Protein chains: 2
Amino acid sequence: MQFNYDPVDADEANRQRAIYEPFTHAVRELLDATIRTQAGPEDIAEATRLIEAVTAGLRTSQIDGPFGVRFTTEGEGMSWGNPVIGVRNPMAPPLEIKRGEGRCWTDFDLGAAYEGPPRHVHGGISALILDHILGEAASDGGDRPLFTGTITLKYLRGTPLGALRSEAWVERVEGVKTYARGFISDADGPTVEAEGVFITPAWARDPQ
Amino acid sequence: MQFNYDPVDADEANRQRAIYEPFTHAVRELLDATIRTQAGPEDIAEATRLIEAVTAGLRTSQIDGPFGVRFTTEGEGMSWGNPVIGVRNPMAPPLEIKRGEGRCWTDFDLGAAYEGPPRHVHGGISALILDHILGEAASDGGDRPLFTGTITLKYLRGTPLGALRSEAWVERVEGVKTYARGFISDADGPTVEAEGVFITPAWARDPQ
């Protein structure tokens with residue numbers, strides 16, 4: 001794993017965020033409209049030309065490869081390319097995960113881009129979100145590097161598109177293994193439950 | 001669950017696909033460039049204005065709500081909004097799943113939008129893909145409606161971004177429960193293994 005980007009200070013991180021976050025939000029809206037539009041062939045051909053021109057402009061100056069996992073000089077995480085929480089990834093809702101009293105939680109809204117069964121969240125999208133939030137709980141907000149060992153999802157009923165909540169917490173720690181649990185819920189209660197075992201990598205373990 | 005779209009015939013499905021698939025591909029490229037660009041504030045502000053104008057144009061005629069799960073009059077699936085296989089969803093790679101001799105498989109490539117740990121696939125993205133392909137194997141390509149009951153993912157090592165493969169197959173069927181297994185692999189072998197139990201919904205069971 002390479003964490004080899006030069007850290008930037010909080011002011012520079014805020015400056016970059018102010019540039020790219022509203023743009024990413026605009027692309028996220030475009031993503032939704034791309035799935036739902038009924039525009040005809042000429043309009044779509046014209047839209048394609050415009051999008052290709054924008055993309056070519058953006059690519060005249062771009063990093064080589066993916067965004068990476070970056071940190072500010074203050075140690076704040078900048079996982080801006082992440083598909084769950086990334087403020088520069090139009091695929092991410094993005095989740096804003098809160099922490100307190102040993103728990104993580106997040107309130108979010110999923111639309112057309114996350115649909116599996118009609119008007120319901122794709123089961124794998126629930127798995128994506130739960131993997132992420134259990135990992136956040138297990139790693140104490142990213143302070144301790146951890147990798148998923150195993151995760152089990154139990155689907156109680158369909159998860160409707162719309163307003164949802166997810167929560168996660170650590171059940172216990174045994175040596176290099178951290179056991180976390182969590183769920184996704186709608187207004188009527190949990191729809192999917194998860195339990196996971198997260199492993200501290202050898203390079204991040206306390207010397208024996 | 002509502003499967004209430006009027007089916008279209010194969011010719012009409014192909015006509016629509018020819019309009020929207022290349023456009024969705026262009027938005028998929030934009031999504032990658034959005035994460036990786038280093039363009040400055042003026043260029044990003046101009047790109048934002050252009051994207052917002054395209055989105056507004058697309059939204060002048062759009063369906064009310066998500067795309068839904070549609071079928072052609074020939075019974076061919078049109079899950080075009082699906083986040084794993086949807087040819088109209090810029091979030092989807094999209095996977096093209098092949099079938100034969102009791103197995104499903106797919107070769108695909110994941111880039112910057114799917115990154116979790118540096119230069120590696122987000123564990124939850126692997127879960128999303130495995131949930132989908134195990135479901136495809138269990139439902140015999142969508143011919144039998146099934147919902148995920150439980151799924152367990154075992155992460156053997158990090159999955160690098162780039163060229164990957166996924167396979168899935170049915171292990172056994174016991175009443176309403178179908179047991180499926182599968183994996184994701186890179187050139188060096190499996191990186192994540194999965195097993196899932198899929199349930200036939202009551203409304204789709206054979207009358208007793």
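Please read these numbers as outputs of a predicted model, since none were measured by experiment. Chain naming here is simple, since letters A, B, ... match the order of the sequence lines and numbering starts at 1 in each.
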### Message
Looking only at heavy atoms and a cut-off of under 4.5 Å, which of Leu128(B), Asp43(B), Val192(B) has the most pairs with chain A?
### Response
Leu128(B)

### Message
If you define the side chain from C-beta out and look only at heavy atoms, does anything of Thr37(A) sit under 4.5 Å from Tyr20(B)?
### Response
yes

#### Entry: For chain A, the option from Ile35(B), Thr24(B), Asn82(B), Thr150(B) that forms the most heavy-atom pairs under 4.5 Å
Ile35(B)

### Task
Mind listing the closest non-hydrogen atom pair of Ala33(A) and Thr55(B) along with its distance?
CB-CG2, 3.9 Å

### Query
Given side chains that start at C-beta, do those of Asp32(A) and Arg59(B) come closer than 4.5 Å, heavy atoms only?
yes

### Interatomic distance, Phe67(B) atom CZ to Arg119(A) atom CZ [nearest 0.5 angstrom]
12.5 Å

#### Entry: Option that, when pairs with chain A are counted at under 4.5 Å, heavy atom only, ranks first among Ala47(B), Gly65(B), Ala56(B), Ala45(B)
Gly65(B)

### Message
Quick check on Leu161(B) against chain A: is it the side chain, the backbone, both or neither that has a heavy atom closer than 4.5 Å?
### Response
side chain

### Query
Which answer fits Leu30(A), side chain, backbone, both or neither, if we ask what part of it has an atom under 4.5 Å from a heavy atom of chain B?
both

### Message
Determine whether a donor-acceptor pair (N or O, by modelled atom type, separation under 3.5 Å) exists between the side chain of Glu115(A) and the backbone of Gly68(B).
### Response
yes

## Note on the structure
Whatever's closer than 4.5 Å to a heavy atom in chain B on Ser79(A) counts as neither

### Task
With the side chain counted from C-beta on, respond yes when Leu31(A) and Leu31(B) share a heavy-atom pair under 4.5 Å apart, and no when they do not.
yes

### Message
Please classify the contact between Leu50(B) and chain A as side chain, backbone, both or neither, with a heavy-atom cut-off of under 4.5 Å.
### Response
side chain

#### Entry: Spatial distance of atom CZ (Phe23(A)) from atom CZ (Arg49(B)) [nearest 0.5 Å]
12.0 Å

### Task
Considering non-hydrogen atoms only, spot the tightest contact between Ala26(B) and Ile51(A) and give its length.
O-CG2, 3.6 Å

### Query
Top residue by heavy-atom pair count (under 4.5 Å) with chain B, among Gly57(A), Ser61(A), Ala127(A)?
Ser61(A)

### Query
Shortest non-hydrogen contact from Pro22(A) to Thr48(B)?
O-CG2, 4.4 Å

### Query
Where along residues 86-96 of chain A does a heavy atom come under 4.5 Å of chain B, listed by residue number?
Arg88(A), Asn89(A), Pro90(A), Met91(A)

#### Entry: chain B contacts, top residue of Leu130(A), Ile44(A), Val54(A) (heavy-atom pairs, under 4.5 Å)
Ile44(A)

### Task
Flag the one option from Gly40(A), Ser126(A), Gly123(A) with the top tally of heavy-atom pairs under 4.5 Å to chain B.
Gly123(A)

### Query
Under a 4.5 Å heavy-atom cutoff, which of Pro83(B), Gly116(B), Ala112(B) has the most pairs with chain A?
Pro83(B)

### Task
Could you please spell out the steps behind the side chain to side chain contact (heavy atoms under 4.5 Å, CB included) verdict for Leu153(B) and Leu153(A)?
CA-CA 9 Å; Leu153(B) 292 310; Leu153(A) 291 311; 3.9 Å; yes

## Note on the structure
Among Gln38(A), Glu195(A), Arg15(A), the residue with the most heavy-atom pairs under 4.5 Å to chain B is Gln38(A)

### Message
So does Gln62(B) get a backbone contact from the side chain of Arg36(A), meaning a donor-acceptor N/O pair under 3.5 Å?
### Response
no

### Message
Is it the case that over 12 heavy atoms from other parts of the model lie below 6.0 angstrom from the CD atom of Glu12(B)?
### Response
yes

### Message
So for His132(B), is it side chain, backbone, both, or neither that comes closer than 4.5 Å to the heavy atoms of chain A?
### Response
both

### Heavy-atom pair with the smallest gap, counting every atom of Ile151(A) and Tyr155(B)
CG2-CE1, 4.0 Å

### Task
Could you have a look at Glu52(B), Glu29(B), Lys154(B), Glu193(B) and say which one has the most heavy-atom pairs with chain A under 4.5 angstrom?
Glu29(B)

